[in-house]
Amino acid sequence: MNKYHLPKGTSADGPYDLVVTPESAGWGHSGLRILTLKPGEEHALSTGDSEFLVLPLTGSCTVTTDGKAFELTGRTGVFASATDFAYLPRESEALISSANGGRFALPSARTERRGLPARYGRKEDVPVELRGAGVCSRQVNNYCLPGTFEAEQLLVCEVLTPGGNWSSYPPHKHDEARTDDAGNAVESELEEIYYFEVAGENGFGYQRVYGTPERPIDILAEIRTGDTVLIPHGWHGPSIAAPGYDLYYLNVMAGPGQDRAWLICDDPAHGWVRTTWASQDIDDRLPFGAEEND
């Protein structure tokens, strides 16, 4: 097993189906836990030195912290719609309870700051973006990014890719803070976690990550529901949805930069692909959950 590919169940711990911490990943900031609650169960979460989101994958829950209770309506599944969520700052004590049960993603980022309060993120305020075109068409739910929801270090989005399409393409990286000749920032340093779910009982896909000569890394992973891929550095993409099986992944990013920027650099060998999208239509299977959301 490649140490950066975590098949379902291999990083479970206690109540969590998945635990990725900065220590387990061997980096400094990004983390993710996947929590399953049975009907009527509850879970106490101490955020410690990290800020968190509570983001329903399936089901609903109540998040209680500092005398406030956030009722998360959630959703029936990741392909059904975007979801509401809750934000928890570092040094928080929270109780997550679910009357009917569900699965909940807890993305996190280590931060030295605690300047923001716990608060609720409305589903209606989540920007849903259709990106790319043709076989590179995909949907991005932009939960917690610069300009969509304020956080200290944490960046979170979801990408949904129709079966047979490629996303996270052209391959790109964000593993060093760089500026251009004019001093403008052109790339930021971010560690990234991909958590996958695939539609269909036998659904699968593929994730590619490869490095630079100075920092080699080599991953070509067949991924299934519950798998996770860690990206400490290097070019990542494509994420490939096998024909017949829609692909979902949750992206969690954080890094040392204090300006919370998400600036990427395309692999020069493949960046030209973006120029072909203007002459193609967006896949008419997008957006996902359009009927439910109407």
Phe196 and Leu247, any side-chain heavy atoms less than 4.5 Å apart = yes

Is it the case that Ser167 and Tyr249 place a side-chain donor and acceptor less than 3.5 Å from each other?
-> yes

Transitively linked via ILVMFWY side-chain contacts under 4.5 Å: Phe85 with Tyr120?
-> no

Nearest heavy-atom pair of Ser11 and Leu6: which atoms, and what distance?
-> OG-CD1, 3.6 Å

Could you check if a side-chain atom of Pro170 sits within less than 4.5 angstrom of a side-chain atom of Asp267, using non-hydrogen atoms only?
-> no

Sub-3.5 Å donor-acceptor pair from the side chain of Arg138 to the main-chain atoms of Cys136, do we have one?
-> yes

Under the 3.5 angstrom rule, does the side chain of Arg178 hit a backbone N or O of Ser188 as a donor-acceptor pair?
-> no

Identify whether Val198 and Phe79 are in the same connected component of the hydrophobic contact network (ILVMFWY, side-chain heavy atoms under 4.5 Å).
-> yes

Quick one: do the Asn165 and Ser137 side chains pair a donor with an acceptor below 3.5 Å?
-> no

Can you see which heavy atom on Tyr87 is nearest to which on Pro117, and at what distance?
-> CD2-O, 3.3 Å

Got a salt bridge between Asp266 and Arg274, using NZ or NE/NH1/NH2 to carboxylate O under 4.0 Å?
-> yes

Apply the side-chain contact (heavy atoms from CB on, under 4.5 Å) test between Phe70 and each candidate in Thr65, Asp84, Val54; give the one that qualifies.
-> Thr65

Check for a donor-acceptor pair, side chain of Arg285 on one end and backbone N or O of Gly163 on the other, with a separation under 3.5 Å.
-> yes

Roughly how far, to the nearest 0.5 Å, is SG of Cys61 from NE2 of His43?
-> 11.5 Å

Cluster link Ile96 to Val252, ILVMFWY, side chain under 4.5 Å | no

Does Val159 reach the side chain of Ser168, with side-chain heavy atoms less than 4.5 Å apart?
-> no

Once you round to the nearest 0.5 Å, how far does CH2 of Trp27 lie from OG1 of Thr21?
-> 10.0 Å

Does the side chain of Gln207 come under 3.5 Å of the side chain of His5 through a donor N or O and an acceptor N or O?
-> no

Side-chain donor/acceptor of Arg90 to backbone N/O of Arg113, under 3.5 Å | no

Following the transitive rule for hydrophobic clusters with a side-chain heavy-atom cut-off under 4.5 Å over Ile, Leu, Val, Met, Phe, Trp and Tyr, establish whether Met253 and Leu263 coincide in one cluster.
-> no

Any sub-3.5 Å donor-acceptor pair from Ser50's side-chain atoms to Ser108's backbone N or O?
-> no

Looking at Arg75 and Glu158, does any basic side-chain N land under 4.0 Å from a carboxylate oxygen?
-> yes

Under a 4.5 Å cut-off applied to non-hydrogen side-chain atoms, are Ile193 and Leu230 in contact?
-> yes

Begin from the C-alpha positions of Thr225 and Glu197 and carry the test side-chain hydrogen bond (donor to acceptor under 3.5 Å, both in side chains) through to its verdict.
-> CA-CA 4 Å; Thr225 293; Glu197 297 198 3; 5.5 Å; no

Would you please test Tyr169 and Ile240 for side-chain contact (heavy atoms from CB on, under 4.5 Å) and show each step?
-> CA-CA 9 Å; Tyr169 194 77; Ile240 304 170; over 6 Å; no

For residues Tyr245 and Gly203, report the shortest heavy-atom separation together with the two atoms involved.
-> CD2-CA, 3.2 Å

Separation of Leu155 CG from Leu53 CG (nearest 0.5 Å) | 10.0 Å

Backbone of Tyr210 reached by a side-chain donor or acceptor of His236 within 3.5 Å = no

Say you draw a straight line from CG of Leu57 to OH of Tyr195; how long is it, rounded to the nearest 0.5 Å?
-> 5.5 Å

Stepwise, does the salt bridge (charged side-chain N to carboxylate O under 4.0 Å, His left out) test hold for Glu23 with Arg110?
-> CA-CA 11 Å; Glu23 289 77 15; Arg110 180 170 288 157; 2.5 Å; yes

Given the rule that I, L, V, M, F, W and Y join up when any side-chain heavy atoms are under 4.5 Å apart, are Phe204 and Val78 in one cluster?
-> yes

Between Arg260 and Glu150, is there a side-chain N and carboxylate O pair less than 4.0 Å apart?
-> no

Indicate whether any N or O donor in one side chain lies under 3.5 Å from an N or O acceptor in the other, for Gln153 and His29.
-> no

Look only at the side chain of Glu91 and the backbone of Arg114, and say whether a donor-acceptor pair between them is shorter than 3.5 Å.
-> no

How far apart are the C-alpha atoms of Leu106 and Tyr16, what are their side-chain angles, what is the distance that settles it, and do they pass the side-chain contact (heavy atoms from CB on, under 4.5 Å) test?
-> CA-CA 10 Å; Leu106 308 177; Tyr16 298 115; 3.8 Å; yes

Is any side-chain heavy atom of Leu88 closer than 4.5 Å to a side-chain heavy atom of Val63?
-> yes

Donor-acceptor under 3.5 Å (Glu152 side chain, Gly115 main chain) | yes

Answer yes or no: does atom CD of Glu201 have more than 12 heavy-atom neighbours from other residues, nucleotides or ligands under 6.0 Å?
-> no

Is the count of non-hydrogen atoms from other residues, nucleotides or ligands lying under 6.0 Å from Asn100 atom CG greater than 12?
-> no

Whether Gln139 side chain and Pro287 backbone form a donor-acceptor pair below 3.5 Å | no

Do the side chains of Trp235 and Cys265 get nearer than 4.5 Å, heavy atoms only?
-> yes

Working for side-chain contact (heavy atoms from CB on, under 4.5 Å), residues Leu160 and Asp246 | CA-CA 7 Å; Leu160 299 94; Asp246 299 331; over 6 Å; no

Any chance you could lay out the side-chain contact (heavy atoms from CB on, under 4.5 Å) test for Lys123 and Thr83, step after step, and finish with the verdict?
-> CA-CA 5 Å; Lys123 167 185 171 180; Thr83 183; 5.8 Å; no

For the residue pair Pro162 and Leu286, what are the closest heavy atoms and their distance?
-> CG-CD2, 3.7 Å

Cationic tip of Arg119 within the cone over Phe149's six-membered ring, i.e. under 6.0 Å and within 45° of the normal?
-> yes

Non-hydrogen side-chain atoms of Leu95 and Thr62 separated by less than 4.5 Å = no

Side-chain ion pair, Arg215 and Glu176, N-O less than 4.0 Å = no

Quick one: closest heavy-atom pair of Gly234 and Asp175, and the distance?
-> N-OD2, 2.9 Å

The reported gap from CZ in Phe52 to OG1 in Thr111 (rounded to nearest 0.5 angstrom) is 12.5 Å

Does any non-hydrogen side-chain atom of Glu51 lie less than 4.5 Å from one of Pro89?
-> no

For Asp281, look at atom CG and say whether over 12 heavy atoms of other residues, nucleotides or ligands are found less than 6.0 Å away.
-> no

In Å, rounded to the nearest 0.5 Å, how long is the span from CG of Leu154 to CG of Leu145?
-> 9.0 Å

Does Ser98 use its side chain to pair, donor to acceptor, with the backbone of Ser60 at less than 3.5 Å?
-> yes

